[in-house]
Engineer: 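The structure that follows is given in the form of structure tokens.
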Amino acid sequence: MDSDTRDLDLLDRQLAHALQLDGRVPFSRVAAVLGTSDRTIARRYHRLRVDGTLRVVGLPEARSLGLVDWGVRIQCAPDASAAIATALAERADTSWVGLASGGTEVTCVTRARGGSGPGSLLLSKLPRTPRITGVTAHCMLRPVAGTAGWPGRTDALDARQVAELSRPAPTGGARLEPTAADQRLLDVLAKDGRAAVPELAAVTGWSQSTVRRRIEELRATGVLYFDVDIDPALYGFDCEAVLWLSVAPTALGAVAEALAGHAEVAYAAAVTGPSNMMAIVVVRDADALYDYLALRVGALPGVLGAETALVTRHVKRAGALLSPRRALSRPSGPPAAGPAPSPGPPC
């Protein structure tokens with residue numbers, strides 16, 4: 001739905017925050033913490049889910065599968081950008097596909113086996129067209145901000161509520177060689193992170209108890225995490241941009257720490273290439289973006305340069321695309337100056 005056709009009230013925002021903390025939290029638990037009824041929470045979620053406002057998606061952590069995430073920038077003729085973005089969005093190994101810089105650039109995150117070079121990474125993914133004028137790929141070395149979600153959508157609950165709804169931190173470091181059943185499980189969760197256990201049992205061929213146990217194992221070890229797809233414009237933030245920062249190597253740690261404390265940053269990662277830090281910034285408007293660049297980024301010691309690309313439309317966010325051929329049927333947010341993840345990953 002168009003983001004200007006509905007506003008999120010307090011309960012909507014509290015529910016979105018709760019789902020960011022635990023994508024499969026029982027509605028009864030959310031209701032108890034928020035002081036409302038199970039039926040109210042279930043009905044509210046169903047409405048948000050059906051009208052396309054909010055979606056929970058379950059995603060595998062790249063390194064646990066022996067994969068590497070790459071941030072890709074594709075410069076192209078404006079009349080080709082929509083077709084290129086649509087072709088990329090239909091792939092299972094891409095996320096955060098968007099049009100930027102007035103339609104002269106397509107950005108996305110794509111996954112490849114560890115050790116893959118940018119050439120072999122891209123040749124099989126890009127449409128064969130002379131309308132592409134340039135491609136750059138940045139290996140995402142380490143996320144440094146936004147791994148728990150964009151701060152703008154995680155401020156609706158108080159500290160007590162957050163503590164009651166949060167899960168223990170995953171142990172991390174686990175590796176998974178997914179079986180065919182694991183892959184079927186992950187495929188369904190990428191479309192609907194709250195898919196019912198009976199549905200998952202039917203898809204995998206496991207018993208319901210095995211499904212519950214397997215999901216818990218994958219979450220506890222950090223192989224599987226859940227994110228919330230929702231447009232920042234619904235919170236009143238109509239301007240999104242990708243920043244490519246050139247940072248002195250000795251200042252990388254300090255800049256990463258600073259970005260992690262900026263409420264404007266939905267996601268940031270240290271990357272390879274001349275611009276060695278990427279950040280997804282979400283602000284209210286172009287004036288706010290100017291202030292952020294001039295007063296926050298500009299004040300960081302060690303930042304040698306910054307390139308800014310305004311995101312004009314998201315074709316695909318974190319989860320699997322539900323209707324590939326309709327990906328560009330409507331914008332994800334109002335086309336204001338610098339309109340509408342991810343964070344980039346994850347927004």
Side-chain angles (χ1 to χ4, degrees), residues 57 59-76 81 84-101 104-129 132-147 175-176 178 186 190 222-223 225 227 229 240-247 249 252 256 259 265-281 306-309 311 314-321 327 341-347:
V57 292
L59 306 167
E61 196 278 325
R63 285 186 173 85
S64 67
L65 300 180
L67 302 175
V68 175
D69 284 335
W70 290 78
V72 181
R73 306 178 68 184
I74 303 165
Q75 288 75 42
C76 57
S81 60
I84 293 168
T86 299
L88 288 170
E90 291 178 5
R91 298 186 59 92
D93 51 5
T94 63
S95 60
W96 299 105
V97 181
L99 304 182
S101 303
T104 62
E105 180 172 312
V106 177
T107 62
C108 71
V109 174
T110 188
R111 289 185 166 183
R113 285 287 163 193
S116 298
S120 61
L121 170 71
L122 296 173
L123 288 178
S124 64
K125 294 179 171 59
L126 294 181
R128 299 182 184 277
T129 169
I132 294 176
T133 59
V135 176
T136 55
H138 304 256
C139 181
M140 301 171 75
L141 301 175
R142 179 182 297 177
V144 299
T147 55
R175 292 291 294 269
L176 173 69
L186 294 173
V223 172
Y225 68 95
D227 198 7
D229 270 357
E240 183 173 337
V242 185
L243 304 187
W244 300 94
L245 305 180
S246 298
V247 180
L252 274 173
L259 292 176
V265 175
Y267 180 81
V271 300
T272 59
S275 299
N276 52 2
M277 187 73 75
M278 179 194 78
I280 310 297
V281 174
E307 182 182 356
T308 307
V311 178
H314 281 294
V315 181
K316 182 181 184 181
R317 292 181 184 268
L321 199 63
S342 215
C347 180

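Worth knowing before you read on, the calculation uses all heavy atoms, side chains too, and leaves out hydrogens, waters and symmetry mates. Position 1 is the first residue of the sequence, and the numbers go up from there.
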Engineer: For the CD1 atom of Ile132 and the OG atom of Ser81, what is their distance to the nearest 0.5 Å?
Structural biologist: 11.0 Å
Engineer: Indicate yes or no for a side-chain donor-acceptor contact from Lys316 to the backbone of Arg91 under 3.5 Å, with no hydrogens or angles considered.
Structural biologist: yes
Engineer: For atom CZ of Arg142, is the number of surrounding heavy atoms from other residues, nucleotides or ligands below 6.0 Å larger than 12?
Structural biologist: no
Engineer: Looking only at heavy atoms, which two atoms of Gly319 and Asp229 are closest? And how far apart?
Structural biologist: N-OD2, 3.5 Å
Engineer: Mind listing the closest non-hydrogen atom pair of Ala89 and Thr94 along with its distance?
Structural biologist: CA-OG1, 3.9 Å
Engineer: Under 3.5 Å, is there a donor-acceptor pair between the side chain of Asp227 and the main chain of Val57?
Structural biologist: no
Engineer: Look up atom OG1 in Thr133 and atom CD1 in Ile74, then write down how far apart they are to the nearest 0.5 Å.
Structural biologist: 10.5 Å
Engineer: On a heavy-atom basis, which atom in Leu99 and which in Ala85 lie closest, and how many Å separate them?
Structural biologist: CD2-CB, 3.6 Å
Engineer: Residues two or more places apart in sequence or in another chain: which of them pass side-chain contact (heavy atoms from CB on, under 4.5 Å) with Leu176?
Structural biologist: Leu65, Pro178, Asp182, Arg214, Leu218, Val223
Engineer: How many angstroms lie between atom CZ of Arg317 and atom OG of Ser95, to the nearest 0.5 angstrom?
Structural biologist: 12.0 Å
Engineer: Given 3.5 Å as the limit, does a donor-acceptor pair link the side chain of Thr110 with the main chain of Trp70, or not?
Structural biologist: no
Engineer: Using 0.5 Å steps for rounding, measure from the CG atom of Asp93 to the CG atom of Leu88.
Structural biologist: 9.0 Å
Engineer: Determine the minimum heavy-atom distance between Val265 and Ala145, stating which atoms define it.
Structural biologist: CG1-CB, 4.1 Å
Engineer: Can you list the residues that meet the side-chain contact (heavy atoms from CB on, under 4.5 Å) rule with Ala256, with sequence neighbours excluded?
Structural biologist: Val144, Met277
Engineer: Once rounded to the nearest 0.5 Å, what's the spacing between atom CZ of Arg73 and atom CH2 of Trp244?
Structural biologist: 5.5 Å
Engineer: Starting at CG of Asp69, measure out to CZ of Arg63 and round the result to the nearest 0.5 Å.
Structural biologist: 8.0 Å
Engineer: Ignoring hydrogens, what is the shortest heavy-atom contact between Thr272 and Ala137? Give both atom names and the distance.
Structural biologist: OG1-O, 4.5 Å
Engineer: Of all heavy-atom pairs between Gly66 and Arg175, which one has the smallest distance, and what is that distance?
Structural biologist: CA-NH2, 3.1 Å
